[in-house]
**Student:** 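To start, I am sharing the structure in question, which I have written as structure tokens.
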Amino acid sequence: MRQEIIHVYFMPGMAASPKIFEYIKLPENQFKIHYLEWIIPIDNESITDYALRMSKFISHDNIVLLGVSFGGVLVQEISKYIKVSKLIIVSSVKSMRELPKHMLLAKTTKA
């Protein structure tokens with residue numbers, strides 16, 4: 001019986017490249033790894049619209065989607081547009097309530 005391949009998409013943090021994932025090895029008979037890269041945002045583009053554009057680079061259904069840092073925030077938005085079997089966020093936040101107070105202050109004061 002042949003096992004179905006699980007497609008895993010990796011999204012690095014904003015200032016990082018997919019090279020941060022180069023040492024992650026998964027069994028090739030079970031998983032296929034894909035790397036997402038940041039694209040230039042359109043002027044005044046919301047993260048929701050950006051995520052929709054990024055979702056066009058994902059060509060499989062029922063995937064594992066992993067994001068690091070701000071990439072973790074982005075994959076949460078992308079998951080609203082595509083079917084994921086697992087969503088993994090690393091060194092990131094799940095909601096605004098998890099942001100540190102100094103980050104909220106910086107956002108409020110536009111510092």
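Remember, it's a predicted structure, so these values are computed and weren't measured experimentally.
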**Student:** Mind checking side chain to side chain donor-acceptor pair (under 3.5 Å) for Lys80 and listing every partner two or more places apart, or none if nothing turns up?
**Tutor:** Glu77
**Student:** Taking only residues two or more places apart in sequence or in another chain, which ones pass side chain to side chain contact (heavy atoms under 4.5 Å, CB included) with Leu52?
**Tutor:** Ser55, Lys56, Tyr81
**Student:** Just to verify, what does Ser46 make a side chain to side chain donor-acceptor pair (under 3.5 Å) with, not counting sequence neighbours?
**Tutor:** Asp49
**Student:** Tell me, with the steps shown, if Met54 and Ile39 meet side-chain contact (heavy atoms from CB on, under 4.5 Å).
**Tutor:** CA-CA 8 Å; Met54 284 295 294; Ile39 56 176; 3.6 Å; yes
**Student:** Is a side-chain N or O of Tyr9 found less than 3.5 angstrom from the main chain of Ser59, in a donor-acceptor match?
**Tutor:** yes
**Student:** Side-chain donor-acceptor contacts of residues 82-89 below 3.5 Å, not counting sequence neighbours, with atom names and distances?
**Tutor:**
| residue | atom | partner | partner atom | Å |
| --- | --- | --- | --- | --- |
| Ser85 | OG | Ile63 | O | 3.2 |

**Student:** With sequence neighbours left out, write down each residue that passes side chain to side chain donor-acceptor pair (under 3.5 Å) with Glu45, or none if nothing qualifies.
**Tutor:** Arg53
**Student:** Leu26: which residues meet the side chain to side chain contact (heavy atoms under 4.5 Å, CB included) condition with it, sequence neighbours left out?
**Tutor:** Val8, Ile24, Phe31, Ile33
**Student:** Please confirm whether the backbone N or O of Ser17 pairs with a side-chain atom of Trp38, one donor and one acceptor, at under 3.5 Å?
**Tutor:** no
**Student:** Can you pull out every salt bridge (charged side-chain N to carboxylate O under 4.0 Å, His left out) where at least one residue sits in residues 8-23? Sequence neighbours excluded, please.
**Tutor:** none
**Student:** Please give me the minimum heavy-atom distance between Pro18 and Pro12, naming the atom from each residue.
**Tutor:** N-CG, 3.9 Å
**Student:** Just how far is it from atom CD1 of Ile58 to atom CD1 of Ile78, taken to the nearest 0.5 Å?
**Tutor:** 5.0 Å
**Student:** Please, which pairs that meet salt bridge (charged side-chain N to carboxylate O under 4.0 Å, His left out) have at least one residue in residues 24-39, sequence neighbours excluded?
**Tutor:** none
**Student:** List the atom of Ala16, the atom of Ile20, and the distance in Å for their closest heavy-atom pair.
**Tutor:** CB-CG2, 4.0 Å
**Student:** Could you go through Phe10 and Val68, starting from their C-alpha distance and side-chain angles, then the distance that decides it, and tell me whether this counts as side-chain contact (heavy atoms from CB on, under 4.5 Å)?
**Tutor:** CA-CA 8 Å; Phe10 289 94; Val68 175; over 6 Å; no
**Student:** Taking only residues two or more places apart in sequence, or in another chain, which ones meet Asn62 in a side chain to side chain donor-acceptor pair (under 3.5 Å)?
**Tutor:** none
